[in-house]
Engineer: 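I'd like to ask you about the structure that follows.
Every chain is numbered from 1 and lettered A, B, ... according to where its sequence line falls, protein lines coming before strand lines. Quick caveat: nothing in here was measured; it's all calculated off a predicted structure. These numbers come from the heavy atoms of this one structure, side chains and all, not from hydrogens, waters or symmetry mates.
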Amino acid sequence: MFNWVEGLVAAAFALGLSAGADASRYDLGRTPTTAEIAAWDIDVRPDGTGLPDGRGSVADGQRLYDAKCASCHGTFGESTDYMALAGGVGTLASDQPVRTTGSKLNYATTLFDYIRRAMPFNAPKTLTNDEVYALTAYVLNLNDIVPAGAMLDRASLIAVKMPNRDGFTRQHGMGSVRGTPDTRAKACMHDCVANVRVTSELPEYAKGSHGDIALQTAHWIAPQAPASGSAAAIATAKGAGCMACHGVAKGVIGPAFVDVARKYADDAGAEARLVRKVEEGGSGVWGSAPMPGQAHVPAADVRAIVRWILGGAGD
Amino acid sequence: MPAASRRRFLSQGVALSGAIATGRGIAGDAKSDTPPGEPAWSRSLGAPILASPYGVPSRYEANTVRRQSPGLTRTPHSSVAFTPLASLFGIITPSGLHFERHHAGVPDVDPRAHRLIVHGLVREPRIYTMDDLVRFPSVSRIHFIECGANSGMEWANAAVPGVQYSHGMLGCSEWTGVPLAVLLEEAGFDRKRARYVLAEGADGASLTRTIPIEFALDDVIVAYAQNGEMLRPEQGYPVRLIVPGVQGVSSVKWLRRLEVGDAPWNTREESLHYVDLMPNGVHRQYTWIQEAKSVITSPSGGQTIAARGYQEIRGLAWSGRGRVKRVDVSTDGGRNWRTATLQEPILPKALARFRCDWRWQGEPAFLQSRVIDETGYVQPSIAALREVRGKRSIYHNNAIQTWRVAASGEVSNVQLG
């Protein structure tokens, strides 16, 4: 959070009025300008310190949300694929706690702070402050914390009371090296347990879930053949970040590669068009979520990935 | 070597020696790489220098890699890859095998353009280039980093098959950089009002965490090097925070901003995540310290003990409160314990390697390790931990790990009551 002392110090420094260097000074770096600090100083504290000017309505937030957020978080903020945004209030003490922004968060200021710094996931820091206010308002409305007609600004956001405001404690032993632990086990050495009883073992479904552990942990193995053909294309696609939004057999945010292959099966011009689309981005073919341009991927890699996809995206 | 992979290795070894058995050897029996044969590599010229300007492991080590836990996360850009603990020796985690945890992918930060700003409750805010930071007086220290969620999948039941997945959000490296205290002094921080420092990353998530000032002035490092070389991108290149003994998320990577303040920030990573759910529905917030923990890495879940006889039990122990004092090992599920040998050096807030002789005669066994740190704290059982914290916490599971050894030699993950 910018404070006026910094501005004053910066101005004094610029005028050559700073105190003389003491013996411990290394004289490295320089004094940042107020503009440099302000540009990066985007944090917001629970008391509202750091909230910018601006405002946004639930209605504007819904429009933005549907375009930029719903593909991951679900139409009503219900999707647990990523962080669920809504629901679950009152479940935290149960055996099946439903952990969502609405049920867990203590201060709405944190929601604003996080959206502004980190969302949307694939294009953080692209929202205006008004848009962040609007999205914050809409997420709060999804949780019935503010009404559908609400407009949020600095003062009204600070005034929001989250359902779990009082659901946190700092009374525990893990806040300091000198803290008192909450378990007091004794280091018994002999005849410590009467009955050794297995209470839990790996569920059947989990036994093969992580591959061949013996092979993974062997001190050495037979050398593997270098990747070629499809394996190389899959590795390239993974390295380029394609799998963040696409699966081979199953869509994520974007379509599954096998579905792309099917769609363009008889389209001779597809390769050139898709190469351009990967490089420049596109939207509207597979739903509302736009695909950003992938300028960071070398042209040869883009072509190899597209050829592999159009070839059926096989193993 | 576990039996299954040993069989595989032997069968492939046979295929390999068959493949090279063309022509006649000059000396010995060219049909075999083992005595009395003369191995192929002893009868030929090896690779020249600089065949690999940056050395890489032998091709026979391709299985020693970080891995993800299938189904744990939806996107590889906000995910975790686990350290292959069972394959490692000593206490230093090779940089390329140190676990990864990112919240918005690994940014490709240009060190020439990267800046670190120190501001807030300071007399003189500062902005540093990487050249500036590297010029400061430096320290090198060995510390572990453990994610607060390490072993988090095991709160309710045994859930993952091997130690890479149960304990692999753990690494230990030598970190080099400038003490944070030096940078705070340089900026003239307000000694009366400063109580916390906010650390912020330069990645897409701009991840932020609140650091108590007493930690900041004690042993926190603004680190640019790991294990003797500049940081790897996935470890925060070109500069990160190292907050020794504290849950890994506080060691903010790609560090670009440090703000001194008088109250905690309640950031998303300290309100929605990295908070410990207690049975009464209340979350413990700011559970910084990683309490003492240990685990046997060999033999461990998913392996098979190849043969009866001598078997060295090997493992790791650590404490966020200081040095490891002692490690005990049980082979009968905690009925009886004996004290393991600790490998020097024993460093504060660093991994310690322990070992213990064992002769396995084919009997079913339950292997456990239990650490005691210099504060006298004894690592708890999972039952004792659940008694206080329930089963839904996710974070800070430092329970004693049990590996069951079957009569067949197969080792599996179990929990005891």
Engineer: Taking side chain as everything from C-beta outward and backbone as N, CA, C, O, which of these in A:Phe121 sits under 4.5 Å from a heavy atom of chain B? Side chain, backbone, both or neither.
Structural biologist: side chain

Engineer: Could you tell me the separation between the OG1 atom of A:Thr49 and the CH2 atom of B:Trp265, rounded to the nearest 0.5 Å?
Structural biologist: 10.0 Å

Engineer: Consider only side-chain N and O atoms of A:Lys207 and B:Ser412, and report whether a donor and an acceptor are under 3.5 Å apart.
Structural biologist: no

Engineer: Determine whether B:Ile394 and A:Arg99 make a side-chain contact, defined as any pair of heavy atoms from C-beta on separated by less than 4.5 Å.
Structural biologist: yes

Engineer: Taking A:Arg30 first and then B:Glu124, would you say they form a salt bridge - that is, a charged N and a carboxylate O separated by under 4.0 Å?
Structural biologist: no

Engineer: Counting heavy-atom pairs closer than 4.5 Å to chain B, which one of A:Cys72, A:Pro181, A:Ala187 comes out on top?
Structural biologist: A:Ala187

Engineer: Do you know which two heavy atoms are closest between A:Val193 and B:Gly334, and how far apart they sit?
Structural biologist: CG2-O, 3.3 Å

Engineer: For A:Val44, is it the side chain, the backbone, both or neither that has a heavy atom under 4.5 Å from a heavy atom of chain B?
Structural biologist: backbone

Engineer: Between B:His119 (side chain only) and A:Ala38 (backbone N and O only), is there a donor and an acceptor less than 3.5 Å apart?
Structural biologist: no

Engineer: Heavy atoms only: give me the nearest B:Trp337-A:Cys192 pair and the separation to one decimal.
Structural biologist: CD1-SG, 3.9 Å

Engineer: For the interface with chain A, which of B:Asp132, B:Leu272, B:Val414, B:Val388 has the highest count of heavy-atom pairs at distances below 4.5 Å?
Structural biologist: B:Leu272

Engineer: Taking 4.0 angstrom as the limit, do B:Arg257 and A:Asp41 come out as a salt bridge?
Structural biologist: yes

Engineer: What part of B:Phe136 lies closer than 4.5 angstrom to a heavy atom of chain A: side chain, backbone, both or neither?
Structural biologist: both

Engineer: Would you name the heavy atoms of B:Glu186 and A:Asp27 that are closest together and state the gap between them?
Structural biologist: OE1-N, 3.9 Å

Engineer: Which region of A:Met83, side chain (C-beta onward) or backbone (N, CA, C, O), has a non-hydrogen atom less than 4.5 Å from a non-hydrogen atom of chain B, or is it both or neither?
Structural biologist: side chain

Engineer: Quick one: CD on A:Glu36 to CD1 on B:Ile127, what's the gap to the nearest 0.5 Å?
Structural biologist: 4.0 Å

Engineer: Can you tell me which portion of B:Arg335 sits under 4.5 Å from chain A's heavy atoms? Options are side chain, backbone, both or neither.
Structural biologist: both

Engineer: Taking B:Asn336 for its side chain and A:Asp191 for its backbone only, find out whether a donor-acceptor pair lies under 3.5 Å.
Structural biologist: yes

Engineer: Quick one about B:Glu185 and A:Tyr26 (side-chain donor to acceptor, distance below 3.5 Å, no hydrogens or angles considered), yes or no?
Structural biologist: no

Engineer: Under a 4.5 Å heavy-atom cutoff, which of A:Met119, A:Lys186, A:Gln96, A:Lys125 has the most pairs with chain B?
Structural biologist: A:Lys125

Engineer: How long is the span from the CD1 atom in A:Ile37 to the CD1 atom in B:Ile117, to the nearest 0.5 Å?
Structural biologist: 6.0 Å

Engineer: Looking at every heavy atom in both A:Pro46 and B:Pro264, which two are closest together, and how far apart are they?
Structural biologist: CD-O, 4.1 Å

Engineer: Considering only heavy atoms, which portion of B:Thr129 lies under 4.5 Å from any heavy atom of chain A: side chain, backbone, both, or neither?
Structural biologist: neither

Engineer: Under 4.5 Å from any heavy atom of chain A, what part of B:Glu291 do you find: side chain, backbone, both or neither?
Structural biologist: side chain

Engineer: When you check the gap from the basic side-chain N to the acidic O, do A:Asp182 and B:Arg389 get nearer than 4.0 Å?
Structural biologist: yes

Engineer: What I'd like to find out is whether the side chain of B:Leu416 reaches to under 4.5 Å of the side chain of A:Thr199, using heavy atoms alone.
Structural biologist: no

Engineer: Classify the side-chain pair A:Thr217/B:Gln303 by whether it contains a donor and acceptor separated by less than 3.5 Å.
Structural biologist: yes

Engineer: Once rounded to the nearest 0.5 Å, what's the spacing between atom CE of A:Met174 and atom OH of B:Tyr395?
Structural biologist: 12.5 Å

Engineer: Does B:Asp262 come within less than 4.0 Å of A:Arg45, counting only side-chain N to carboxylate O?
Structural biologist: yes

Engineer: Roughly how far, to the nearest 0.5 Å, is CG of B:Leu207 from CZ of A:Arg117?
Structural biologist: 8.5 Å

Engineer: CG/A:Leu105 to NE2/B:His283 distance, rounded to the nearest 0.5 angstrom?
Structural biologist: 11.0 Å

Engineer: If you tally heavy-atom pairs under 4.5 Å against chain B, which of A:Lys104, A:Met189, A:Glu201, A:Arg197 wins?
Structural biologist: A:Met189

Engineer: Give, as side chain, backbone, both or neither, the part of B:Val282 having an atom under 4.5 angstrom from any heavy atom of chain A.
Structural biologist: both

Engineer: Is any side-chain heavy atom of B:Glu61 less than 4.5 Å from a side-chain heavy atom of A:Ile221?
Structural biologist: no

